[in-house]
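Just below is one structure, and these are the notes that go with it.
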Amino acid sequence: MDQETFSAVDAFIGETLTPPDEALQAALDAAQAAGLPQIQVSPPQGILLELLARLQGASTVLEFGTLGGYSTILLARALPEDGRLITLEADAEYAEVARGSIERAGLGNVVDIRVGPALETLSVLGEEGAGPFDLTFIDADKVNTPNYFSWALDHSRPGSLIVADNVVRDGSLADAASADPTTKAQRRFHEMLAAEPRVRATTIQTVGAKGYDGFTIALVGEG
Ligand code: SAH
Ligand code: DHB
Ligand code: MG
């Protein structure tokens, strides 16, 4: 098994299960034209996010890391008309690209993009009394995953779902001796989950067009 096979299978899944999608394609094209890094979730992963939001019956979503709005559009589509998705992006140029794509997708009224380092924006959201969020997707700077998780947990309700991307990173998650701050953060995130009576969580390893990685899903309970 190699990367070529993983990509070929993702391509097959995309061709068979993913109908042509004008708004999503336009979002990818706009991101590429603007020179954004192509690190959005893969199409199958994006649809998983949409399915989770639908299964969840979510009407409030918090996203860390907007990039060009690809995952944002999929999550926002799962929401009812009066739903609301707040997405946090540090880079003002990325946020502008995302804003255009989200508006073209007809989701401008549902999505609220907040520009700035997420930890700073969280203070503002806290003051605004934002939340509770039915679903949180953590996909920004990976060293802060534990901090974003803590905040998300405190702004959840019993039944909320918290999803974190890129937790496995080529298997580095299993390396207890790693000095890499990102890896250490993902390991700490898992230790937090294990010690947290309010959540039941699991991590699923994935292969695909984006290589070998994985995501965590945590269901918030009464604790
Ligand atoms: N969720 C997107 C991909 C996000 S990539 C998708 O799947 O379509 C990660 C994003 O997090 C990048 O756009 C990056 O600029 C942003 N980011 C990095 N550090 C951040 C921070 N401190 N606060 C908010 N966003 C940050
Ligand atoms: C990368 C991948 C991601 O899914 C992400 O959210 C951020 C960065 C990467 O491959 O560098
Ligand atoms: Mg990611």
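Both ligands and their constituent atoms are indexed starting at 1 by order of listing.
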Between [X] and [Y] (salt bridge meaning N to carboxylate O under 4.0 Å), is one present in this structure?
X: R188; Y: E191; answer: no
X: E50; Y: R54; answer: yes
X: D180; Y: R187; answer: no
X: K142; Y: D165; answer: no

Purely on distance, is any nitrogen or oxygen of [X] under 3.5 Å from one on ligand 1?
X: N144; value: no
X: Y94; value: no
X: V41; value: yes

Starting from [atom], what is the nearest protein heavy atom, named by residue and atom, and what distance separates them?
atom: atom 5 (C) of ligand 2; result: N166 OD1, 3.2 Å
atom: atom 6 (O) of ligand 2; result: D139 OD1, 2.6 Å
atom: atom 8 (C) of ligand 2; result: R169 NH2, 3.3 Å
atom: atom 5 (S) of ligand 1; result: I39 CD1, 3.6 Å
atom: atom 4 (O) of ligand 2; result: K210 NZ, 2.5 Å

Between the candidates [options], which shows the shortest non-hydrogen contact distance to [atom]?
atom: atom 12 (C) of ligand 1; options: E120, E63, E93, E89; value: E89
atom: atom 18 (C) of ligand 1; options: D141, N147, D91; value: D141
atom: atom 8 (O) of ligand 1; options: A92, G68, S71; value: S71

Item to check | Name of the D139 atom (N/O/S only) found closest to the Mg ion (ligand 3) | outcome: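 The closest N, O or S atom of D139 to the Mg ion (ligand 3) is OD1.
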Next on the checklist: Checking one value in my table: which N/O/S atom of D165 lies closest to the Mg ion (ligand 3)?
Outcome noted: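 Atom name returned: OD2.
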Next on the checklist: Could you tell me, atom by atom, which parts of ligand 1 come under 4.0 Å of a heavy atom of A90?
Outcome noted: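 Ligand 1 atoms under the 4.0 Å threshold to A90: 20 (C), 21 (C), 23 (N), 24 (C), 25 (N), 26 (C).
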Item to check | Per-atom contacts, ligand 1 versus A118 - under 4.0 Å to a heavy atom | outcome: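 Near A118, meaning under 4.0 Å from one of its heavy atoms, ligand 1 has 21 (C), 22 (N), 23 (N), 24 (C).
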Checklist entry - Heavy atom under 4.0 Å from ligand 2: found in V41's side chain, backbone, both, or neither? => result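 Near ligand 2, V41 shows nothing, with every heavy atom at 4.0 Å or more.
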Checklist entry - Between the Mg ion (ligand 3) and N166, is there an N, O or S atom separated by less than 2.8 Å? => result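 Yes, within the cut-off.
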Checklist entry - For ligand 2, is Q40 a contact, meaning one of its heavy atoms is under 4.0 Å away? => result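 No.
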